[in-house]
Amino acid sequence: MRRYLPILLPFAGAIGFAAFSELSLRRSDEFLLWSLATTVWILSAFAVLAKGKMRGRLSAVAVPAVAMIAVSTVMSLLFLDLVAPRRGFIAFFAVILYLFLEHVRREAAEGGAEDRLSISEFARMVNIGSLFLVASVGVGVTAFLPVQAWWTVPPVAVIAALWSWHLYLACVERCVRSGARVLLTTLIVLQTYIVAIALPTSMFVGGALVGIVYYLAANLLPIGATDAIPSKLVRKYVLYGLGLLALILATARWV
């Protein structure tokens, strides 16, 4: 049975997340309790799978990524009953969590160079989704609760800085002028969030705008770890990002 436990753990992590999430939404007075249980479950599944083998830079990439997944998904559950079918969102988050834990399992079992690159890349991509959720929650708080929009800016600034620092950790090569790159990414993400909370549209549109901008940073910062940034790749990601932004803004429901 111990032989198959690592294979089953990613499934158990995803299923446990879905079950705890449903329990957290059943009664409002129990939300905090079950949300805490959800976070502990996700982090415990990761810790068992990693088994102390993910050390050094890889650990610095993977540990923040799984914490971001846990925190952002739990936070986003606050608004699911208000704006969207909750079971669809929970199922989507559970699939993302399963894929991440499966990457962790493979890296811990094999530990090859290709797997290390894979977990690093996947962690950065997962963070795009987690930042989308956090930004959506920030916009949702101002829309559904008696909270001034500007009160959410300082927490988002801290989160943007942490996520930008994580991009630096995920750089495959030594990052040149890392401090300037992290600061620039933080400022761009924060400015996008400020624009998002000012737009008369839904929380998920605002979160998507922030997530798309972070998508550009998540791809360009590691690629630009050295001074020789391929212009073809820069054009590619800028066109992708502008296309996604145009699509979101063109199809959004405006108040």
Side-chain angles (χ1 to χ4, degrees), residues 17 20-21 24-25 31-32 35-36 38-40 42-43 46 61-84 86 89-90 92-97 99-100 122-145 147-170 182-183 185-199 201-219 221 241 244-245 248 252:
F17 163 76
F20 284 136
S21 297
S24 71
L25 293 171
F31 179 83
L32 183 61
S35 294
L36 180 61
T38 304
T39 304
V40 171
I42 294 172
L43 296 176
F46 170 79
V61 171
V63 174
V66 76
M68 291 167 182
I69 293 172
V71 172
S72 61
T73 51
V74 168
M75 287 175 60
S76 65
L77 295 178
L78 281 167
F79 297 99
L80 289 188
D81 273 349
L82 295 174
V83 296
R86 71 186 189 194
F89 271 73
I90 290 174
F92 175 76
F93 298 156
V95 170
I96 296 298
L97 177 61
L99 293 174
F100 183 80
F122 194 80
R124 290 191 302 104
M125 294 301 104
V126 163
N127 287 349
I128 297 172
S130 64
L131 184 62
F132 155 71
L133 294 175
V134 170
S136 298
V137 169
V139 178
V141 165
T142 66
F144 295 107
L145 299 176
V147 175
Q148 293 291 327
W150 300 109
W151 293 2
T152 65
V153 172
V156 171
V158 174
I159 290 171
L162 290 174
W163 264 246
S164 300
W165 176 254
H166 192 257
L167 284 181
Y168 160 70
L169 293 177
V182 170
L183 179 60
T185 302
T186 302
L187 290 176
I188 292 174
V189 171
L190 183 60
Q191 288 173 347
T192 307
Y193 176 76
I194 292 173
V195 171
I197 60 178
L199 292 176
T201 187
S202 72
M203 56 183 280
F204 289 120
V205 172
L209 295 179
V210 177
I212 291 169
V213 169
Y214 185 79
Y215 159 80
L216 290 174
N219 285 286
L221 182 63
L244 289 171
L245 285 172
I248 291 292

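Residues: numbered from 1 along the sequence shown. Keep in mind that what you see is a predicted model, and the values were worked out from it rather than measured.
For Leu199, the side chain to side chain contact (heavy atoms under 4.5 Å, CB included) criterion is met by Val195, Thr201, Leu209, Trp254, not counting sequence neighbours. Annotation: side-chain hydrogen bond (donor to acceptor under 3.5 Å, both in side chains) contacts of Thr192 (sequence neighbours excluded): none. In terms of the side-chain hydrogen bond (donor to acceptor under 3.5 Å, both in side chains) criterion, residue partners of Thr152 (sequence neighbours excluded) are, by chain and number, Tyr193. A search for side-chain hydrogen bond (donor to acceptor under 3.5 Å, both in side chains) contacts involving Ser21 returns nothing, not counting sequence neighbours. Listed by chain and number, the residues in a side-chain hydrogen bond (donor to acceptor under 3.5 Å, both in side chains) with Tyr214 amount to none (sequence neighbours excluded). Under the side chain to side chain contact (heavy atoms under 4.5 Å, CB included) criterion, Ala161 pairs with Thr186, not counting sequence neighbours.
Nearest heavy-atom pair across Met203 and Val139 is CA-CG1, 3.7 Å. Of all non-hydrogen atoms in Ser130 and Trp163, the two that sit nearest each other are OG-NE1, 3.0 Å. In terms of heavy-atom proximity, Ser136 sits nearest to Gly207 at OG-CA, 3.4 Å. Considering every non-hydrogen atom in both Gly211 and Ile128, the closest pair reads O-CG2, 3.6 Å.
Atom CZ of Phe20 sits about 10.0 Å away from atom CD1 of Ile42, to the nearest 0.5 Å. Residue Trp150 holds its CH2 atom at 5.0 Å from CD1 of Ile197, rounded to the nearest 0.5 Å. Atom CG of residue Leu97 and atom OG1 of residue Thr38 lie 10.5 Å apart, to the nearest 0.5 angstrom.
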